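The first residue in the sequence is number 1, and the count goes up from there. Predicted model, so just to flag it, every value in this text is computed and none were measured. Just so you know, ligand 1 is whichever comes first in the structure, and atom 1 is the first atom listed for that ligand.
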Amino acid sequence: MQKNIKDHNQDTFSSPDKSVLNAHGNPDKSALSEHGNPAKHKCFEERSGRNKCLFQEIFENLNCGAAIFEAVDDGDDFIFIDYNKAGLEMDHVAKEDVLGKRVTEIFPAVNESGLLDVFKAVWKKGGEISHPVTIYKDKRLHTWRKNYVYKLSTGNIVSVYTDETDRKKKEDYLKLSKIIFDNSQEAIIITDLRGIILDTNPAFTKITGYARDEAVNNNIGFMKSGKSGPEFYKQFWKKLHKTGAWHGEIWDRKKTGEIFPKWLTVSTVYDDSGLPLKYVAIFTDLSVIKKAQDDINRLHHYDILTKLPNRSLFYDRLKQSIEKSSVDGKKIAVILMGIDKIARINESYGIRFVDNLLVEVTKRLKHSLFTAESLSRLISDRFIFYISRLESYDPIAANIQQIKDIFDKPFEVDNNHIYISVSIGVTIFPNDAANPNDLIKNAEIALNHAKMTGPNNFQFFSGDMTVRAFERMRLEIAVRSALSKGELIVYYQPKVNIRDNDKIVGMEALLRWNNPEMGMIPPIKFIPIAETSDVILTIGEWVLRQACRTGKKIMDMGLTNFVVGVNLSAKQLKQKHFVDIVRQALQESGLPPQCLDIELTESMIFDNFDRNVKFMHELKSLGVTLSIDDFGTGYSSLSYLKSFPVNTLKIDRSFVMDIPDDKDDIAITSTIISMAQSLGLEVVAEGVETRVQAQFLKERGCYTVQGYLFSPPVPEDHFMQLLKDGFPDLIRT
Ligand code: C2E
Ligand code: CA
Ligand code: CA
């Protein structure tokens, strides 16, 4: 059947044989015959061959697709009866393959696209319908067409169609661009080639605060911050003109006046001939990004509660410090603190309270700790820091003491006063470990150890730290706060005149330390430790002031020739303003200078002979007297003694104590006494414990003595009692 149709449709506008048409059910035979094959039809025969050709030519050469259909199956389907060139090309079919065929056979999709219904409607009702057709290939949009369907007077259907794909694509693209422009989070500015703003998007307004109308017609530079100079903008335009684009960071000013960094990308828009038309500037507010980066960084490296660096940042910093120390060879101490009985505090007060407590602890540590720069929160109640470039244990001791002081005072949390203490674990690089992980781990072990030995304690991880070194460390830490805690007391030992009824003629100030944990600690144990740091200076000055004050009290009792002896430490001797300190102590107390005797040892003087002799002269110029303590144990030579501006020699206890048994000591003591006499110096013997010793000294010409025979060093009130006992006349005054 189809073959027949084809046979009858060889020519354009030819009408198929009537019988065939009938078989296809064409309802309008007259119309068909009217527009059928002109060669066979009367009407067409009447038309001039020229017109026919013209019409055919127009149909063939239309630059839009066109096809003519004849309805079959009572308008349920349509067969092709003509197809123009543009249509065949657009549909990728050959004329001989389609003419006489059903449209549903050639293009099954005609049904889905709705075009078949249009054909049917037009065929049935006449008129014309414009219908868009979307053609898919491999499930993707392939072409987009506009079909214009109308019915010929012959009853045939003509479909004229144009390929709208390009136009539609452009239209879609414009729509999309508009959506992007309006919804972009990045600010977009469109300018002409002079930089005059033509359009801005909503993000621009959101970021800068300028409404579109406030920006349009302004030059793009109207938001300049002034941060970049003219040279910058010269380079900017140069690059833009040369390459068509520019990107980089630039600072602008918002409507509020706030300046902000932005990441700017400028692109040139060209016309079809390649000439620049416009610029599109797109930017993001970098301050937002920078802040976000900062936030991320903070979250990653800082503890949210205390705002202190967290473990990971501490680790990084310690690592860097270790790298430096590996070069300069210095040690690092890692100090870890843990709050004692934190679980109990948690149980009693709750987690909120503990959080607030930790914040308070952080504040104090940050404020007071000597080496607070690296302070971090390791986890829960564990705070950690390190001390780098260590040359001695001094800074460790100082910091541990500082921590103890910090926790001495109560913390005020949620209207409660709470006393807490910390235990401390210390580990040393490189002695204990070589990397941050192991150092932190060791500090934890040391801390746990400290906790086991009691609250408010500290421990070194180091296994090779000897007991003595450790004890010394403990003392070193404790001695720092001994003065501020009122644990130091000045005792006084009388100096008596054995030629004048053992009358008290003076006293020596001797320091005592009563520590609540370690008990009475003798000066011989703690003074050398205090001397390793500047603590001795504070202590020494304090003893001096105390002694002067007590001396003045005695003076005021009427003992105007009374002499107060004060021991000087080697470090005080080196102190720049020591002479001024002495002057001040005398002035403050009102003690006459001649009543103050300063005791120093030979070894101290020989440490820096010339300088110290000069220093002794300066001291003497104040009016005070000087004694050489422990005389006989050092250089003890006549030649240098002459150059010392000293008043008194104190014979060391070691020579006195074996008198009268030791012949050598007898000889030495006798020599010192005669040496002093020949030089016109006073002589005092210390450590006199027996009458025999006193008698011996008296016989040799040494009349001023000190020793347990008369009195050990005693507290001030006790000493006053001794004075009153020795001078009954004074009591009444
Ligand atoms: P030093 O200046 O030679 O003080 C005399 C020491 O002998 C004192 O010991 C005293 O208590 C002790 N002593 C006195 N009489 C007797 C006695 O009859 N028998 C015995 N066995 N000992 C006696 P102390 O108080 O333990 O002082 C020891 C050293 O500590 C002092 O030796 C002095 O070098 C130093 N020292 C004491 N107080 C101070 C001070 O305030 N500043 C400085 N820089 N050093 C001080
Ligand atoms: Ca002394
Ligand atoms: Ca002595």
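Distance check for atom 32 (O) of ligand 1: every protein heavy atom is found at 4.0 Å or beyond. Counting protein heavy atoms under 4.0 angstrom from atom 9 (O) of ligand 1 gives zero. For atom 18 (O) of ligand 1, a protein heavy-atom neighbour is found at a distance under 4.0 Å.
Heavy-atom distances between Gly540 and ligand 1 stay at or above 4.0 Å for every pair. Put simply, no part of Pro522 is less than 4.0 Å from ligand 1, judged by heavy atoms. By the 4.0 Å heavy-atom criterion, Glu508 is counted among the residues contacting ligand 1.
Using bins of under 30°, 30° to 60° and over 60° for the plane-to-plane angle, the ring pair Phe578/Phe615 lands in the tilted bin. Using the six-membered ring where Trp is involved, Phe458 and Phe460 have ring planes that are perpendicular, over 60° apart on the 30 and 60° scheme.
Here Glu599 contributes OE1 and Asn567 contributes OD1, and at the Ca ion (ligand 2) these two atoms make an angle of 90°, given to 10°.
When heavy-atom distances to ligand 1 are checked against a 4.0 Å cut-off, Ser569 comes that close through both its backbone and its side chain. If you look at Asp630 next to ligand 1, the close heavy atoms, those under 4.0 Å, all belong to the side chain. Using a 4.0 Å cut-off between heavy atoms, Glu686 contacts ligand 1 through its side chain alone, with no backbone atom that close. The residue Val490 has no part lying near ligand 1, judged by heavy-atom distances below 4.0 Å.
Close contacts between ligand 1 and Asp629 involve ligand atoms 1 (P), 2 (O), 3 (O) [criterion: under 4.0 Å to a heavy atom]. Ligand-side atoms of ligand 1 in range of Gly707: 15 (N), 18 (O), range being under 4.0 angstrom from any heavy atom. Heavy-atom proximity to Ile527, at under 4.0 Å, picks out these atoms of ligand 1: 36 (N), 39 (C), 43 (C), 45 (N), 46 (C). Of all atoms in ligand 1, listed by their number and element, those nearer than 4.0 Å to a heavy atom of Pro713 are 11 (O). Within ligand 1, counting atoms from 1 as listed, the ones closer than 4.0 Å to a heavy atom of Glu689 are 17 (C), 18 (O), 19 (N), 20 (C), 21 (N). Annotation for ligand 1: atoms under 4.0 Å from non-hydrogen atoms of Leu568 are 44 (N). In the vicinity of Val543, heavy-atom distances shorter than 4.0 Å reach the ligand 1 atoms 41 (O).
Nearest N/O/S atom of Glu508 with respect to the Ca ion (ligand 2) is recorded as OE2. For Asp629, the N, O or S atom closest to the Ca ion (ligand 2) goes by the atom name OD2. Nearest N/O/S atom of Asp630 with respect to the Ca ion (ligand 3) is recorded as OD1.
An N or O contact shorter than 3.5 Å is missing between Ala509 and ligand 1 by distance.
In terms of protein heavy-atom proximity, atom 27 (O) of ligand 1 is closest to Pro523 CG, 3.4 Å. At the top of the distance list for atom 43 (C) of ligand 1, counting protein heavy atoms only, stands Asn567 CB, 3.6 Å. From the protein, the heavy atom lying nearest to atom 38 (N) of ligand 1 is Leu511 N, 3.0 Å. Closest to atom 29 (C) of ligand 1 among all protein heavy atoms lies Ile524 CD1, 4.2 Å. The protein heavy-atom contact nearest to atom 6 (C) of ligand 1 is Leu510 CD2, 4.7 Å.
We find that Glu588 and Arg545 are joined by a salt bridge, their nearest charged nitrogen and carboxylate oxygen being less than 4.0 Å apart. At a threshold of 4.0 Å, the pair Asp502-Arg691 counts as salt-bridged, since one of the basic side-chain nitrogens sits closer than that to a carboxylate oxygen. A salt bridge links Asp534 with Lys571; the closest basic N to acidic carboxylate O contact falls under 4.0 Å. In this structure, Lys574 pairs ionically with Asp607, as a charged nitrogen and a carboxylate oxygen lie closer than 4.0 Å. Between Asp438 and Lys441, at least one side-chain N (NZ, or NE/NH1/NH2) sits under 4.0 Å from a carboxylate O, which counts as a salt bridge.
Distance check, rounded to the nearest 0.5 Å: CG of Leu681 to CG of Leu649 gives 5.0 Å. The structure places CG of Asn456 at 7.0 Å from OG of Ser423, a figure rounded to the nearest 0.5 Å. Atom OG of Ser421 sits about 3.5 Å away from atom CG of Asp340, to the nearest 0.5 Å. The distance from the CD1 atom of Ile406 to the CZ atom of Arg364 is 8.0 Å, given to the nearest 0.5 Å. Taking CG from Leu641 and CD1 from Ile605, the interatomic distance works out to 8.5 Å, rounded to the nearest 0.5 Å. Here the CG-CE distance, from Leu573 to Met604, works out to 5.0 Å after rounding to the nearest 0.5 Å.
Of the possible polar contacts, none joining the Asn514 side chain to the Ile489 backbone as a donor-acceptor pair under 3.5 Å is found.
Taking the six-membered ring where the residue is Trp, the centroids of Phe644 and Phe609 are separated by under 6.0 Å. Taking the six-membered ring for Trp and the full ring otherwise, the centers of Tyr386 and Phe314 sit less than 6.0 Å from each other.
The nearest N, O or S atom of Asp652 is not closer to the Ca ion (ligand 3) than 3.0 Å. At least one N, O or S atom of Glu686, from either the backbone or the side chain, sits less than 3.0 Å from the Ca ion (ligand 3).
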Using the side chain to side chain donor-acceptor pair (under 3.5 Å) rule, take Gln706 and Glu686 through it: C-alpha gap first, then chi angles, then the decisive distance, then the call. CA-CA 5 Å; Gln706 236 180 294; Glu686 47 180 34; 5.1 Å; no

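The closest non-hydrogen atom to atom 14 (C) of ligand 1, taken over Arg512, Gln493, Glu599, Arg653, comes from Gln493. Within the set Trp513, Phe710, Tyr491, Tyr708, the minimum heavy-atom distance to atom 16 (C) of ligand 1 is found for Tyr708.
No option in Ile396, Val334, Leu439 other than Ile396 meets the side-chain contact (heavy atoms from CB on, under 4.5 Å) test with Ile428.
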